[in-house]
Amino acid sequence: MPGQCAAKAVREGLSPMSALRPSPITPTVDFERDGVQHGFLRLPYSRDDSAWGSVMIPICVIRNGRGPAALLTGGNHGDEYEGPLALYELARTLDPKDVAGTVIIVPAMNYPAFRAGTRTSPIDKGNMNRSFPGRPDGTVTEKIADYFQRELLPRADIVFDFHSGGRTLDFVPFCAAHTLPDKVQEKKAFAAVEAFSAPFSMRMTEIDTVGMYDTAAEEMGKVFVTTELGGGGTSRAETVGIARRGILNVLRHAGIVDGAVEKTPTRWLDMPSGDCFAFAEDDGMIETMIDLGEKVDEGQVVARIHSTGRTGMAPQEIKARMSGLLAARHFPGLVKAGDCVSVMATVEAVNI
Ligand SMILES: [Zn+2]
């Protein structure tokens, strides 16, 4: 009912017109066609150097008949590389003969950010993972989010979104899903995490879920799985290998790609409360006192922040607010007040 749509749009802060407006994005692929298609999501973007120009977001559709559909994304943040490296390769190598159903691959979701090597878009400063459900009449980032919200997510049964730490964070390599009110949906997501077989598997807690792609997919009832694989604005051989093996495992687990899941041992971690996060209260130079993956006791100093404006100042100590394992840390050598310095996780179990 258009009237109900309009009322929902108003509740969500959209004008009734914008909710009814079609997306300005045109795909050059046909989602119903069998075989492999390498194409684009073409988003008109008029600017100084191209009056009638477009943003061309690469997309690959691999389909073989009816069956479940997977939507795979990297580059949600533009400075994270394990996902794009795994997904450009998957798009190049996955044979439709080995597929039952559909695999939709968008290896660089926030393509302007990915091209710039930055977390957010250089066009509008949009953080893709804070822009959902997006707007068809919004900024470039909001228009991409809206296309995923209304056109791509509804096509998927399973949604896999690769992340890493980017330039400012570094993580132990883990695959993750969230605790959800719908326990059937939650169980399916954690089963896919287990199939991914990263060295660590996480029950993930978010600092703020508003505007996240994760939340949009989960509220639509999709099986949503994500990762944090390393960081620092680069990638490592180990973490790229984890990404490539893992995504094939998830597609096998979902029954979309032929073959058995190649499971390796994983350590289950939990982020049981907001106590897992520590934030800097001063600017300065950061000294990591323990390394990623090491055990930490509550009250232990995980990092020190040294004031550099003058000599003779005692460093600020950052103490763990819970016992566990250091799952993530601030990556650059300099830190600002409010930066996330460390993330702790409890070790739940080792599954083989
Ligand atoms: Zn990210």
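What you see is a predicted model; the values in this text were computed from it and never measured. Counting convention: from 1, in listed order, for ligands and their atoms alike.
Side-chain contact check for Ser201 and Arg267: no donor-acceptor pair (N or O, by modelled atom type) lies under 3.5 Å.
Looking at Arg245 and Glu262, no side-chain N of the basic residue comes within less than 4.0 Å of a carboxylate O on the acidic one, giving no salt bridge.
At least one cation-pi condition fails for Arg167 and Phe331: the charged atom is not both under 6.0 angstrom from the six-membered ring centre and inside a 45 degree cone around its axis.
In this structure, Phe160 has its ring center under 6.0 Å from that of Phe196.
The distance from the NZ atom of Lys187 to the CD atom of Glu194 is 12.0 Å, given to the nearest 0.5 Å.
Applying the salt bridge (charged side-chain N to carboxylate O under 4.0 Å, His left out) test to Glu238 and every residue at least two apart in sequence or in another chain returns Arg236.
Listed by chain and number, the protein atoms of type N/O/S under 2.8 Å from the Zn ion (ligand 1) are His77 ND1, Glu80 OE1, Glu80 OE2, His163 ND1; waters are omitted.
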